Trainee: 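Dropping a structure here in structure tokens format, bear with me for questions.
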Amino acid sequence: MLENYSMQELQELGGREVVDANGKSVGFVDLVFVDDPTGRPEWMGIWSGLPGKGPRVIVPLRGIEHVEGEIRVPWTKELIMSAPRYDDEDDRGLLRDDPDGIAISPEKERTGYQHYGVEPLTERPEKMSGPRFRAVLIEIRTIQRPG
């Protein structure tokens, strides 16, 4: 399960195809979101479609498997595509002093957990009011096909 992967292992999954519970393609691994206070990865960003096109949605790492080069999620494509998105509104440097950073707002965090019916891997610190999950850019790897 991906919730047990190290950050290095997760970074190596960039660009991998993501398939739903029925084997349908959902998109590709775009970003990993880590809990700022602990550094623990908790969300994955999935980009549906070509780079720069299609929605970018968040998916909790809980229950996701990496099998035979695919990232398999335990939800349907329909549920994933209706999940909270990270878009231009999130590219505002909401976390720390990073003007190019992408963060998950507390509202999206709450909505995301409710949407997928999962509990957080790490609890939100009581006095924290702003975003706690920030995106970590990962290297996109391309698969070389022979011939």
Side-chain angles (χ1 to χ4, degrees), residues 1-96 98 100-124 130-147:
M1 299 293 176
L2 293 191
E3 66 263 29
N4 298 320
Y5 273 39
S6 70
M7 203 47 227
Q8 181 178 354
E9 289 171 313
L10 288 170
Q11 287 180 323
E12 293 175 5
L13 300 179
R16 298 279 178 149
E17 184 173 22
V18 179
V19 296
D20 77 354
N22 299 318
K24 286 180 169 176
S25 180
V26 175
F28 302 91
V29 176
D30 181 35
L31 299 171
V32 172
F33 292 89
V34 299
D35 179 27
D36 206 40
T38 66
R40 182 178 186 165
E42 190 149 346
W43 293 92
M44 180 178 288
I46 296 177
W47 202 327
S48 176
L50 299 171
K53 312 274 186 211
R56 299 176 346 172
V57 296
I58 59 172
V59 177
L61 288 179
R62 183 175 299 214
I64 297 178
E65 297 178 304
H66 179 212
V67 180
E68 298 175 5
E70 290 180 334
I71 307 302
R72 297 181 184 170
V73 296
W75 303 284
T76 64
K77 182 174 184 172
E78 293 74 27
L79 183 73
I80 294 165
M81 290 297 103
S82 63
R85 297 178 180 199
Y86 58 99
D87 319 277
D88 292 340
E89 70 187 59
D90 301 300
D91 294 335
R92 299 263 191 262
L94 297 173
L95 199 61
R96 295 188 177 183
D98 181 6
D100 297 320
I102 299 174
I104 298 173
S105 70
E107 190 173 286
K108 278 190 186 180
E109 176 187 341
R110 235 181 340 274
T111 303
Y113 288 124
Q114 290 171 350
H115 183 79
Y116 288 104
V118 298
E119 294 293 320
L121 292 171
T122 54
E123 291 300 319
R124 174 178 267 286
R132 72 173 175 141
F133 293 108
R134 64 183 163 81
V136 176
L137 297 176
I138 57 178
E139 181 179 331
I140 301 299
R141 299 178 188 276
T142 57
I143 299 172
Q144 299 292 325
R145 300 201 196 290

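Since the model is a prediction, treat every value here as computed from it, not as a measurement.
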Trainee: Less than 4.5 Å apart, any side-chain heavy atom of Leu13 and any of Leu2?
Mentor: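 A side-chain contact under 4.5 Å exists here.
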
Trainee: Taking C-beta and beyond as the side chain, do Val26 and Val59 meet within less than 4.5 Å on heavy atoms?
Mentor: no

Trainee: As an exercise, state the distance from CD of Glu3 to CD of Glu42, rounded to the nearest 0.5 Å.
Mentor: 9.5 Å

Trainee: Of the non-hydrogen atoms in Ile64 and Pro60, which two are nearest, and what is the gap between them?
Mentor: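 Distance-wise, the nearest heavy atoms are CD1-O, 3.1 Å.
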
Trainee: Take His115 and Val57 through the side chain to side chain contact (heavy atoms under 4.5 Å, CB included) test and state the conclusion after the steps.
Mentor: CA-CA 12 Å; His115 183 79; Val57 296; over 6 Å; no

Trainee: Specify the closest pair of heavy atoms between Met81 and Pro55, including all atoms of both residues, with the distance to one decimal.
Mentor: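 Between these two residues, the closest heavy atoms are SD-CG, 4.0 Å.
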
Trainee: Going by heavy atoms in the side chains, are Ile58 and Glu109 under 4.5 Å from each other?
Mentor: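 Sidechains of Glu109 and Ile58: no contact.
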
Trainee: Side-chain contact test, heavy atoms from C-beta onward, threshold under 4.5 Å: evaluate it for Lys77 versus Asn22 and give yes or no.
Mentor: no

Trainee: Could you state the interatomic distance from CD1 (Ile104) to CZ (Arg134), rounded to the nearest 0.5 Å?
Mentor: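 Here the rounded value is 12.0 Å.
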
Trainee: For a side chain to side chain contact (heavy atoms under 4.5 Å, CB included) check, start with the C-alpha distance between Ile102 and Phe33, then their side-chain angles and the critical distance, and finish with the verdict.
Mentor: CA-CA 9 Å; Ile102 299 174; Phe33 292 89; 4.0 Å; yes

Trainee: Apply side-chain hydrogen bond (donor to acceptor under 3.5 Å, both in side chains) to Glu12 and Tyr5, showing your working.
Mentor: CA-CA 11 Å; Glu12 293 175 5; Tyr5 273 39; over 6 Å; no

Trainee: Determine the minimum heavy-atom distance between Ala103 and Pro131, stating which atoms define it.
Mentor: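 Taking every non-hydrogen atom into account, CB-CB, 3.8 Å.
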
Trainee: Using the six-membered ring wherever Trp is involved, compare the ring planes of Trp43 and Tyr113 and label them parallel, tilted or perpendicular (cut-offs 30° and 60°).
Mentor: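 The rings of Trp43 and Tyr113 sit tilted, inter-plane angle from 30° to 60°.
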
Trainee: Could you tell me whether Arg132 and Asp35 make a salt bridge, using a distance below 4.0 angstrom between a side-chain N and a carboxylate O?
Mentor: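 Yes, Arg132 and Asp35 are salt-bridged.
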
Trainee: What's the separation between atom CZ in Arg72 and atom NE2 in His66, rounded to the nearest 0.5 Å?
Mentor: 9.5 Å

Trainee: Considering non-hydrogen atoms only, spot the tightest contact between Leu10 and Pro41 and give its length.
Mentor: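 Taking every non-hydrogen atom into account, CD1-CB, 3.4 Å.
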
Trainee: Any chance you could measure Arg56, atom CZ, to Arg85, atom CZ, to the nearest 0.5 Å?
Mentor: 11.0 Å

Trainee: How about Arg124 and Arg110: do any of their side-chain heavy atoms sit closer than 4.5 Å?
Mentor: no

Trainee: Could you tell me if the side chain of Ile71 sits less than 4.5 Å from the side chain of Phe28, heavy atoms only?
Mentor: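 No - every pair of side-chain heavy atoms lies 4.5 Å or more apart.
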
